[in-house]
Amino acid sequence: MRVLGVDPGLTRCGLGVVDGGRGREVACVAVGVARTPPEDELSSRLLAVSEVVEQWLDAHRPEVVAIERVFSQHNVRTVMGTAQVSGVVALAAARRKLPVAFHTPSEVKAAVSGSGRADKRQVTMMITKILGLAEAPKPADAADALALAVCHIWRAPMAARLAEAEARAAELARNHRARLKAAAQATRRS
């Protein structure tokens, strides 16, 4: 499975492509950052990020796009920009009919470091080790993008099995309710 991980941001949007193999095998394909100047208009910045993301999607052809879920921070302006970049990335993926997965920062941290409370330095150190990189990806947004991709690769099989189990449980419940209804109707007729 090839995953494009995206750590959304207006000034720096981290991008990382990771291939997953058997078990927990992962390999870094590409890592980088889309940058936009803070003094530019919002629409121009979103367009610039969009163009870079489109280039990455075309160049690396991921099967899934994993985006960090926006969470509430104290700075509403920062949250709005991050959410808008997430939307631009999700739209670019949807145009290519690619599935999009959102992961919370704590899910990503737990997946790569074992602790949902790991700091950026710990995440960077662990993703460098997990992917066998010669040096740590910089800035932290790039490392976070790789961590998102790895998190998705490692969590996707479990999430798929859980979805299958939930669908099967729902089907069994529907069948059980139908049998109960049929039995109740049969009892009323007799």
Practice item. Classify the side-chain pair Arg69/Ser86 by whether it contains a donor and acceptor separated by less than 3.5 Å. Key: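 Side chains of Arg69 and Ser86: no pair found under 3.5 Å.
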If every non-hydrogen atom of [X] is compared with every non-hydrogen atom of [Y], which pair is closest and at what distance?
X      : Y      : answer
Ala118 : Ser113 : CB-OG, 3.2 Å
Ile127 : Ala147 : CD1-CA, 3.6 Å
Leu98  : Glu63  : CD2-O, 3.8 Å
Ile67  : Val65  : CG1-CG1, 3.9 Å
Val53  : Ala92  : CG1-CB, 4.2 Å

**Study point:** Derivation and outcome, side-chain contact (heavy atoms from CB on, under 4.5 Å), residues Arg96 and Glu54
**Key:** CA-CA 10 Å; Arg96 287 164 175 78; Glu54 300 265 354; 2.7 Å; yes
Point to revise | Worked check of side-chain contact (heavy atoms from CB on, under 4.5 Å) between Leu146 and Ile130 | key: CA-CA 10 Å; Leu146 290 172; Ile130 289 166; over 6 Å; no
Can you tell me how far the [atom1] atom of [X] sits from the [atom2] atom of [Y], to the nearest 0.5 Å?
X      : Y      : atom1 : atom2 : answer
Thr124 : Asp141 : OG1   : CG    : 9.0 Å
Ser43  : Gln84  : OG    : CD    : 10.5 Å
Arg189 : Thr187 : CZ    : OG1   : 9.5 Å
Asn175 : Leu180 : CG    : CG    : 11.0 Å
Arg177 : Leu172 : CZ    : CG    : 10.5 Å

Point to revise | Salt bridge Glu171-Arg168, side-chain N to carboxylate O under 4.0 Å | key: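 A salt bridge is present here (some side-chain N lies under 4.0 Å from a carboxylate O).
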Check your understanding: Could Arg12 and Asp7 be called an ion pair, given the rule that one side-chain N must be under 4.0 Å from one carboxylate O?
Key ->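 No, this pair does not count.
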Review point. With a 4.5 Å limit on heavy-atom distance, are the side chains of Val6 and Leu15 in contact?
Key: yes
Review point. Is there a side-chain contact between Pro139 and Arg35, using heavy atoms and a 4.5 Å cut-off?
Key: yes
Can you get from [X] to [Y] by hopping between Ile, Leu, Val, Met, Phe, Trp and Tyr side chains that sit under 4.5 Å apart?
X      : Y      : value
Val31  : Val33  : no
Val52  : Val100 : yes
Trp56  : Val88  : yes
Val108 : Ile153 : no
Met1   : Val18  : yes

Practice item. Would you sort out whether Leu10 and Leu46 count as a side-chain contact (heavy atoms from CB on, under 4.5 Å), showing the intermediate values? Key: CA-CA 7 Å; Leu10 266 176; Leu46 291 172; 3.9 Å; yes
Practice item. List the steps, then state whether side-chain contact (heavy atoms from CB on, under 4.5 Å) holds for Val150 with Arg24. Key: CA-CA 9 Å; Val150 169; Arg24 293 176 65 91; over 6 Å; no
Exercise for review: With His103 as reference, evaluate Glu68, His152, Lys109 under the side-chain hydrogen bond (donor to acceptor under 3.5 Å, both in side chains) test and give the passing residue.
Suggested key: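 Exactly one candidate clears the test, His152.
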